[in-house]
Amino acid sequence: MIKSKYALRTSVLAGAGIIAVMLSGCASGGSTTTSTSSASSTASATSADCASDATTANNLVVGTILPVTGSLAYLNPPEQAGVGLAVSDINAAGGVDGKQACVLAADSGDSTDLSVSTASAQKLIAAKVSVAIGAASSSVSLNVVDSFASAKITEISPANTSAKLSGYGPFYYRTAPPDSVQGSALGSLITGDGNSKVAFLVFNDSYGTGLRDFTQASIESSGGTVVYGAKGAGQEFPPGQTTFSAEVTAALAAKPDAIVILAFDETKSIIPELVAQGWTMPKTYLSDGNTADYSKDFQAGTLENAQGTIPGANANPDFKASLVSWYKGAENADLKDFSYAPEAYDATTLTALAALKAKSNVSADLNKELAAVSGANGGTKCASYKECAPLVSAGTDIQYTGQSGIGPFNEKNEPSSAYIGIYKYNADNTYTFQSAIEGQTSY
């Protein structure tokens, strides 16, 4: 990693505390992962589904609660591949003390129908899984996190960023950074591009409003102003809305220099309305909830030069190749999006290492060792399950460095540091990695 010549420090006021985010730029074009190791490309490319009689007595039962359906379904393939490849690598390395890992999958749906995640959580709880990997949506996790905690099931999200989940409880972890980090990076990107008046088109969802609040604070700390969709203005729209003529008209009437869209699938309706009303895309900014492949949704050139941010490392080429190979073998389909795949891989691997250290695949037992294997207490750095497992078995303290580039878990059970990737849209409405910012969050 080659650091750029600039560094930016911002302080964001959050409730009664200050969240200080230290940001330093990284060179564009390469992986931001600190480790040079990658997942095994020879691991068995199978789904490793749990047998009907699988229990934590004879397996590491990796439950998943990921968006098979709903507005975030585009995130399921990379997250599924991250979990699946990790399980394959764990088993290729001998399993957890000789016991194989397996996957019990469930659909999280999205925040428009929370009954889907409610039912799926109960399925995983009834199975007494070793861990629940997910959900992708912060609102969905807020719907199920108490149920998992009551059952003493550890939930680890590879994609949740809402500040409402920060330090939520002992049974909730995440390998994605909180919105304080992404919001500071997104706000700095916007003002750094020379924009001083900003409009938000944001849905009334804990993810949307939370990220808006941090991004707004970053914009204002740099001397900018929010002219539409600001915190407290009451201009959010409900999740699932499909027409946006009034919102776009009102936002453009405020004469913004830039527009930030914080939404999920609603983005597919917002973009055409912006185009119809004469807005051009180079001053449009997206986030992890909607920085997606729109090549089949919009006319060529629609999103060209728009930008988006996605928390997490830009996966290195070898790891991407392993993910593609696993997904092709398991699903007979091509994997083109890698969003949160490294975080899903690391969440699964950390679970296995914690179970090995605890000498138990029971969720309540391995929960007590998650911080330790992440490196919270220091230890020997190791980058894969195959490399780390013998150290753990020998009683050596470790720091699993993994694929996502996150720092050890802090006292709030979330990364002590993480990367935010910056992406730019091409003429075909796909996006390309540009650079990354490493953020460190203190409380």
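Index from 1, following the sequence.
Looking at Q80 and T64, their side chains never bring a donor and an acceptor atom within 3.5 Å of each other. Side chains of T161 and D179: a donor on one and an acceptor on the other come within 3.5 Å. Checked by atom type, the side-chain pair T69/D107 shows a donor-acceptor distance below 3.5 Å. Side-chain contact, N314 with Y419: no donor N or O sits under 3.5 Å from an acceptor N or O. Defined by atom type and a distance below 3.5 Å, a donor-acceptor pair is missing between the side-chain atoms of D265 and Y74. Side-chain atoms of E155 and S141 form a donor-acceptor pair, as typed in the model, at a separation below 3.5 Å. Side-chain N/O atoms of T154 and S363 include a donor and acceptor closer than 3.5 Å.
Using a distance-only test at 3.5 Å, with no hydrogens or angles considered, no donor-acceptor pair links the side chain of D428 to the main chain of S295. Judged by distance alone, the side chain of D346 and the main-chain N or O of G402 form no donor-acceptor pair under 3.5 Å. Judged by distance alone, the side chain of N429 and the main-chain N or O of L303 form a donor-acceptor pair under 3.5 Å. Checked by atom type and distance alone, the side chain of T175 pairs as donor or acceptor with a backbone atom of E343 at under 3.5 Å. Proximity of a side-chain donor or acceptor of T291 to a complementary backbone N or O of G308 within less than 3.5 Å is not detected. Looking only at distances, a side-chain donor or acceptor of N290 sits under 3.5 Å from a matching main-chain atom of S287. Using a distance-only test at 3.5 Å, with no hydrogens or angles considered, no donor-acceptor pair links the side chain of N160 to the main chain of A176. At least one donor-acceptor pair closer than 3.5 Å links the side chain of K99 to the backbone N or O of A57. Side-chain N or O atoms of E266 include one that pairs as donor or acceptor with a backbone N or O of G240 at under 3.5 Å. The main-chain N or O of V61 is found under 3.5 Å from a side-chain atom of S130 such that the two form a donor-acceptor pair.
S384 is not listed as a side-chain neighbour of T349, based on a closest heavy-atom distance of 4.5 Å or more. Looking only at side-chain heavy atoms (C-beta outward), N59 and C50 stay at 4.5 Å or farther from each other. Counting only heavy atoms from C-beta outward, the side chains of P67 and E79 approach each other to under 4.5 Å. Side-chain contact check for D334 versus V324: every heavy-atom pair is 4.5 Å or farther apart. By the 4.5 Å heavy-atom criterion applied to side chains, T112 and S71 are not counted as neighbours. Side-chain atoms of E414 and L165, non-hydrogen and from C-beta on, never get closer than 4.5 Å to each other. Between T215 and I190 the shortest side-chain heavy-atom distance falls below 4.5 Å.
Taking CG of N58 as the reference point, atom OG1 of T55 lies at 4.0 Å (rounded to 0.5 Å). From L66, atom CG reaches atom OG of S157 across 8.5 Å, with rounding to the nearest 0.5 Å. Once rounded to the nearest 0.5 Å, the distance linking CG of N367 with CG of N413 reads 7.5 Å. The line from CZ of F171 to NZ of K152 is 6.0 Å long, rounded to the nearest 0.5 Å. Rounded to the nearest 0.5 Å, atoms OG (S88) and OH (Y385) are 13.5 Å apart. In this structure, the separation between CD1 on I437 and CD on Q182 is 10.5 Å, given to the nearest 0.5 Å.
Between F237 and F203, the ring planes lie tilted relative to each other; the angle falls in the 30° to 60° range.
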Next on the checklist: side-chain contact (heavy atoms from CB on, under 4.5 Å) for D193 and Q307? Distances and angles first, verdict last.
Outcome noted: CA-CA 11 Å; D193 285 345; Q307 296 182 82; 2.9 Å; yes

Checklist entry - Could you walk me through whether L286 and Y431 pass the side-chain contact (heavy atoms from CB on, under 4.5 Å) check? => result CA-CA 11 Å; L286 310 179; Y431 57 90; over 6 Å; no

Next on the checklist: Pair D89, W326 - check side-chain contact (heavy atoms from CB on, under 4.5 Å), show working.
Outcome noted: CA-CA 11 Å; D89 285 347; W326 183 91; over 6 Å; no

Checklist entry - Does the side-chain contact (heavy atoms from CB on, under 4.5 Å) test come out yes or no for L370 and L350, once each step is laid out? => result CA-CA 7 Å; L370 277 167; L350 283 164; 4.2 Å; yes

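Of the options S137, S111, S138, S117, a side-chain hydrogen bond (donor to acceptor under 3.5 Å, both in side chains) to N143 is made by S117 and by none of the others.
Heavy atoms from other residues, nucleotides or ligands lying under 6.0 Å from CG of D97 number 12 at most.
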